[in-house]
Amino acid sequence: MPPEVIAQRDPELDARGRTDLRTLEAGLDALQTGDVSSRSGVRRILGGVVPPVILVIVLLLAWQLYTVVAHPRPDLAPGPLDVLGSFGSAWTSGRLPVAVLTSLQRGVLGFLIAVAIGTPLGLLLAEVRWLRRALGPLISGLQVLPSVAWVPAAILWFGLTDATVYFVVLMGAVPSITNGLVSGVEQVPPQLRRVGTVLGASRLQLATRVILPAALPGYLAGLKQGWAFSWRSLMAAEIITVGGTIGFGLGSMLQQSRELADLAAVLTTIITILAIGIIVELLAFAPVERRLLRRRGLLVATAVGR
Amino acid sequence: MPPEVIAQRDPELDARGRTDLRTLEAGLDALQTGDVSSRSGVRRILGGVVPPVILVIVLLLAWQLYTVVAHPRPDLAPGPLDVLGSFGSAWTSGRLPVAVLTSLQRGVLGFLIAVAIGTPLGLLLAEVRWLRRALGPLISGLQVLPSVAWVPAAILWFGLTDATVYFVVLMGAVPSITNGLVSGVEQVPPQLRRVGTVLGASRLQLATRVILPAALPGYLAGLKQGWAFSWRSLMAAEIITVGGTIGFGLGSMLQQSRELADLAAVLTTIITILAIGIIVELLAFAPVERRLLRRRGLLVATAVGR
Amino acid sequence: MTVAGLGKRFAAGGAPVLDDVTLTIGSGEFVCLLGASGCGKSTLLNIIAGLERPTSGTVEVASGNAAVMFQESALLPWLTARRNVELALELRGVRRDRRRNEALALLDVVNLADAAEKRPHELSGGMRQRVALARALAQDRQVLLMDEPFAALDAITRDLLHEQLELVWRQTGRTIVFVTHNVREAARLGQRVLLMSSRPGRIVNEWRIDDTGPRRIESPEVATLAIEITDQLRKELRRNAA
Amino acid sequence: MTVAGLGKRFAAGGAPVLDDVTLTIGSGEFVCLLGASGCGKSTLLNIIAGLERPTSGTVEVASGNAAVMFQESALLPWLTARRNVELALELRGVRRDRRRNEALALLDVVNLADAAEKRPHELSGGMRQRVALARALAQDRQVLLMDEPFAALDAITRDLLHEQLELVWRQTGRTIVFVTHNVREAARLGQRVLLMSSRPGRIVNEWRIDDTGPRRIESPEVATLAIEITDQLRKELRRNAA
Amino acid sequence: GCAGPAGGQPTAAVAASELHLGYFANVTHAPALVGLDKGLFAKELGRTKISTQVFNAGPATIEALSAGAIDAAFIGPSPAINSYIKSKGASVVVVAGAATGGAALVVRSGITSAAELKGTTLATPQLGNTQDVALRSWLATQGYKTSITGGGDVTISPSENADTLKLFEAGTIDGAWLPEPWVSRLVLEAHAHVLVDEASLWPNGAFPTTVLVVNKSFLYAHPQTVKALVAGEVDSVNWLNAHPTEAAAAINEQLVAVAGKGLSAPVIERALANVKFSVDPQAQAFPTLITHAVSAGTGTQGSITGLFDLSLLNSILTASGGTAVSAHGLGKE
Ligand SMILES: Nc1ncnc2c1ncn2[C@@H]1O[C@H](COP(=O)(O)OP(=O)(O)OP(=O)(O)O)[C@@H](O)[C@H]1O
Ligand SMILES: Nc1ncnc2c1ncn2[C@@H]1O[C@H](COP(=O)(O)OP(=O)(O)OP(=O)(O)O)[C@@H](O)[C@H]1O
Ligand SMILES: [Mg+2]
Ligand SMILES: [Mg+2]
């Protein structure tokens with residue numbers, strides 16, 4: 001019996017059935033996709049930001065009170081105001097901006113080079129099975145090695161130059177990025193691959209339309225960790241490799257402040273390093289990640305401050 | 001109608017029903033919990049270990065070949081045999097064992113102190129909501145800060161003593177451990193808490209019998225990361241803080257080898273650091289984690305080398 | 001068990017999830033609570049179980065607390081089937097030396113004596129729910145609240161568990177409140193079927209079925225009732241389309 | 001579509017999962033494949049779909065490849081409902097400028113025109129499966145293979161999707177192979193119901209139902225058939241208890 | 001448990017059971033090396049045990065003093081000043097001098113005048129140390145701009161002395177302002193030549209190179225111990241000045257014992273020719289050092305009144321018939 005015959009058998013009953021079904025489904029859909037009333041974004045962020053800010057202020061006040069009341073040795077326990085003054089003078093003298101710019105530039109450049117190396121390597125590992133089985137454990141092993149351990153070797157190879165710094169940054173970041181991509185591809189649900197195949201995708205289409213987009217969250221996590229490792233390794237390298245033709249970064253400033261026995265400047269630099277870490281996380285990675293996860297419904301609408 | 005009356009209403013039919021049901025359920029259970037034939041453990045581990053080992057051997061051979069054929073400057077590119085020789089002499093001279101023991105002892109002790117501090121702190125944060133909202137972001141922020149940045153401050157406070165090393169290790173490890181515990185408790189399915197409540201558990205019973213065991217995997221992950229951070233921070237601290245009353249650890253050995261421009265010794269030390277990282281991971285954490293996850297069915301029986 | 005004028009809102013100014021729910025359930029009764037998803041069945045059950053507080057109205061369970069069974073078995077994954085049941089016994093206050101035997105006896109009730117030493121992940125979904133049933137029985141409460149306990153199971157397993165549950169009910173004389181959105185399941189199991197409306201959740205209809213002993217889900221009486229309930233339910237759905 | 005002497009083992013020396021499965025399905029037929037879990041239904045379907053290779057035997061699908069629908073909708077989570085359907089059109093080779101309208105038309109077939117710009121996670125389970133159905137239709141293949149497409153849905157939604165699917169089948173005249181372990185679902189939908197045994201999977205029984213137009217799942221004819229099939233199925237289960 | 005000096009006579013104060021002394025394995029720290037080698041400190045300290053720690057940079061020494069890991073140290077004047085100012089006078093006290101002179105700017109061949117330094121890279125031992133400050137302030141007098149962040153007309157690259165030798169040999173740097181024996185090593189081993197001898201920049205050629213400092217709290221708690229230490233140092237300096245020929249051997253012996261490696265005879269001879277050993281800390285030079293450090297950007301302005309406590313030294317000197325040294329109004333004499 002050809003399909004047309006079936007379809008036309010009782011057009012009137014059919015039409016009635018359709019309208020009825022349409023109403024029923026609309027009713028059910030309305031019930032099941034109800035308004036998920038969430039707290040407003042601003043209030044949520046405020047709720048997350050206010051308590052730690054208050055805590056920080058309280059801690060600062062307690063610290064200042066301690067320095068005023070207990071009169072500790074100012075070179076061993078400077079007060080918050082001393083640190084603020086040190087920050088001001090480091091900023092106006094131009095030392096701090098130079099250090100921030102140098103370090104940021106190195107960190108970003110090193111990270112980009114690491115991405116440029118780690119991404120194709122990750123793709124290669126994800127695609128070529130025997131390579132992954134052989135090289136994968138080595139790369140995971142490299143992640144265990146503190147990248148600071150490369151500093152002495154790098155100094156011997158490249159001398160006290162920027163190449164040393166970049167080498168150390170790469171040894172820290174590349175394994176993370178590569179591993180992130182590989183595990184991202186590995187975690188693509190096999191179901192999605194099957195769907196692609198069933199829909200008739202070619203090998204290339206499967207890779208570009210299905211696997212890579214699906215592996216994106218894992219890749220992003222790898223990038224984030226890669227940045228964290230870049231920044232850590234950079235600071236370590238800058239602190240250790242002073243002298244030679246190495247430019248003046250935050251690590252150098254830290255080391256310099258130590259040599260001048262200037263604890264206020266050391267704390268200023270530590271706070272700057274922390275601030276940059278948090279700002280990069282908030283400005284560069286968090287929005288991309290949030291957007292990506294939200295589009296996939298992976299972001300549960302929880303309070304920020306949980 | 002009292003329940004006994006219902007139960008006795010038709011004992012014969014009841015008994016027949018029971019036996020029939022028993023057979024049916026047994027049949028279904030047999031079908032659904034079939035033998036999950038997995039590859040033997042030994043073969044799986046071999047399959048995971050052999051390819052990287054072969055690769056390492058090939059790389060070593062290529063490296064040796066390069067030094068033999070290209071005759072690079074031996075101080076800039078020692079061959080694997082040079083490194084082996086350097087390892088042998090460092091071992092027999094007693095420098096390497098001393099360094100390994102010192103570093104391991106510091107790493108383990110620092111890690112244990114970090115556990116002793118991070119665990120109660122994590123419990124406190126997990127339990128006290130306002131404290132978590134206020135302190136949680138600060139602790140997460142501290143995780144962003146490279147712990148090497150604390151080295152100069154620690155040196156100013158504690159001088160070139162072991163206290164400096166321990167301080168830096170703690171600043172690296174405590175936030176990881178605390179955060180691991182907090183997020184472990186956070187990730188306990190609310191369902192499990194409800195079950196505990198429904199079963200009539202008191203607050204204390206709920207914590208000890210339900211929440212803590214359920215939070216264990218997250219805590220373990222935090223411990224693992226805490227160890228990695230301990231080890232990284234320790235190496236950084238040892239490289240930077242040479243001199244004073246500081247004992248001779250692997251970081252010191254690295255720095256010393258650099259000062260003697262002895263690349264073979266530097267590579268020996270790097271390999272030792274890597275090996276210790278991998279061994280601690282394999283011997284201390286992997287078995288506990290695997291056992292824990294397997295008991296919860298969270299460990300999918302995948303090949304090691306994937 | 002009496003529920004009177006129960007109301008519940010989650011947000012202070014939000015729409016009510018439950019509105020003026022009133023019902024009385026006798027001892028030993030098997031009541032099915034039926035409704036589309038999101039209509040507030042779980043909320044009502046949680047309030048009865050004491051896991052949530054009502055915004056208004058009262059709940060009175062004559063026999064004290066109730067045992068609860070959830071959709072996902074919610075077994076503690078690090079304990080074996082036996083130890084899961086034993087935990088319920090322990091928290092009930094059963095002496096240590098009697099727990100083991102009692103747990104094994106309860107597992108035998110659900111035909112799981114052989115699987116006592118397996119952990120939840122080694123069990124199939126149906127077996128897990130049977131362990132959960134044994135655990136709920138271990139609480140030894142007169143009232144058993146069940147929130148879609150079989151929704152995640154395949155149809156064959158579900159049919160068997162219906163028989164299992166009915167057997168347990170007839171043997172122990174528990175009062176059971178069984179939440180589901182499966183009309184046939186409700187018609188198959190319940191002595192009484194309550195239909196809930198959505199937004200706000202109210203009890204809009206009630207059917208009583210004479211208990212003439214175990215009935216099959218394919219039986220004509222179940223089918224007739226199911227058709228009637230389905231038509232009512234669809235009327236509810238259409239109301240929501242507007 | 002013809003399947004002849006199909007056998008399948010996963011491990012080289014292991015027990016066969018499928019053994020000598022032979023069946024012929026005519027064009028436009030609606031066949032339900034019924035069996036306990038783990039009996040090899042999915043394996044058989046995957047072999048027909050070309051996702052897996054049989055160890056022995058042949059599969060011949062007259063009209064070329066088949067469209068497939070899985071239990072979890074398997075929509076690409078980063079694409080909206082419309083773009084998910086458009087992807088199928090694109091991979092089929094439909095020109096860019098016609099894709100959008102065609103996708104919207106297909107979504108309208110499953111009453112989802114309004115939700116075209118939503119992403120999968122914003123849709124309910126039933127809506128997701130309807131998008132998956134629209135996507136399967138977009139492949140424009142004569143044969144549609146469905147692997148427990150409604151198993152994860154609640155009963156009310158499932159009943160509606162049965163009607164939806166039947167409507168689509170009647171309108172488009174597709175050949176449908178529908179895998180399930182729900183006896184009533186099979187009896188409600190199929191023109192033919194095939195019962196598979198477990199270990200190894202074989203087709204052990206077959207029922208034909210006269211197509212007298214749409215029937216309700218609660219109807220007596222479905223019930224009678226369901227009772228018969230259930231008894232057979234339980235016989236199979238008992239066999240496994242030994 | 002030590003009473004303060006309230007009663008004028010610190011009778012309640014007891015000798016410390018142990019004295020922790022820090023110094024560098026370096027020619028400019030010869031009084032420490034010789035004092036230890038010849039047992040001169042031990043002789044004066046009597047029951048008080050002396051334990052030592054070797055440093056290779058001033059900041060680390062100051063850190064150890066601040067952390068209480070050591071009680072006294074031989075150190076360059078700049079870190080001592082820096083610590084004193086930063087701690088508002090709470091950290092250290094200079095109780096005696098040790099060495100003067102022995103620092104110079106050495107450069108590669110081809111640079112013969114200050115005018116040819118533009119665009120070059122020069123090394124110093126460490127940012128803010130005595131030589132670093134000296135180079136920066138001297139460059140300023142020559143009209144060059146420098147920056148502690150590395151920019152300017154002349155790039156100053158603080159590097160470890162051992163690195164400096166290597167960097168100079170490799171041609172990465174063009175010269176360095178260094179203390180002895182590194183001046184001599186660069187001259188004799190790397191063919192550098194002296195462009196500026198620091199002695200030529202100071203009135204009478206006298207500028208402090210090494211001084212003896214003690215923790216202020218230690219001085220209050222154990223004045224007798226400090227006095228014994230100073231007495232040992234006086235003996236040591238006297239021995240050095242009395243036995244110029246044997247000095248080289250004694251110093252080398254300690255260097256080998258501490259650092260594992262000694263210096264070649266020509267290097268140590270050339271070095272000793274440039275360093276003078278004296279217990280006079282040259283207090284008059286300190287205000288100039290501060291001015292230099294401030295203008296170089298490595299120090300902060302502050303008062304160093306009270307930095308010196310030469311009363312113990314002077315009592316020893318006068319008791320043995322010598323002449324007292326002056327604190328030039330910067331502390332007790
Ligand atoms: N904790 C909560 N906060 C806010 N709203 C809630 C909360 N829990 C449930 N709701 C809302 O209350 C309504 C009823 O939820 P409930 O879980 O009781 O429905 P249900 O009938 O059990 O649905 P289902 O059949 O899907 O389990 C839903 O609209 C839901 O969004
Ligand atoms: N990739 C595989 N490797 C090894 N064994 C497999 C594989 N896939 C399936 N099996 C086995 O083949 C048998 C049949 O599996 P299949 O998924 O076809 O069953 P099913 O009838 O679809 O079950 P369900 O109803 O649970 O979906 C099972 O015993 C399963 O363990
Ligand atoms: Mg619910
Ligand atoms: Mg299947």
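Letters A, B, ... are given to chains in the order of the sequence lines, protein chains preceding strands, and every chain is numbered from 1.
A:Leu192 and D:Pro77 make their closest contact through CD1-CD, 4.3 Å (heavy atoms, listed as atom of the first residue, atom of the second, distance). The shortest non-hydrogen separation linking D:Glu52 to A:Arg194 is OE2-NH2, 3.3 Å. Summarising the geometry of D:Arg119 relative to A:Arg295, their closest heavy-atom pair is CD-O, 2.8 Å, with the distance given to 0.1 Å. D:Gln139 and A:Val198 make their closest contact through NE2-O, 2.8 Å (heavy atoms, listed as atom of the first residue, atom of the second, distance).
For the atom pair CG of D:Leu87 and CZ of A:Arg209, the computed distance is 5.0 Å after rounding to the nearest 0.5 Å.
Using a 4.5 Å cut-off between heavy atoms, D:Leu145 makes no contact with chain A at all. For chain A, no part of D:Asp114 is nearby; none of its heavy atoms comes within less than 4.5 Å. Of the atoms belonging to D:Asn65, not a single heavy atom falls under 4.5 Å from chain A. Contact of D:Asp108 with chain A is made through backbone and side chain together, with heavy-atom distances under 4.5 Å.
The side-chain heavy atoms of A:Leu199 and D:Arg135, taken from C-beta on, include a pair separated by under 4.5 Å.
Between chain D and the residues A:Gly200, A:Ala26, A:Pro213, the most heavy-atom pairs under 4.5 angstrom are made by A:Pro213.
The 12-atom threshold is exceeded at CD of D:Glu206, counting heavy atoms of other residues, nucleotides or ligands nearer than 6.0 Å. No more than 12 heavy atoms of other residues, nucleotides or ligands shown are found within 6.0 angstrom of CD on D:Glu60. Within 6.0 Å of CZ on D:Arg83 lie no more than 12 heavy atoms contributed by other residues, nucleotides or ligands.
A:Arg294 has no carboxylate O lying under 4.0 Å from a charged side-chain N of D:Glu122, or vice versa, which leaves the two without a salt bridge.
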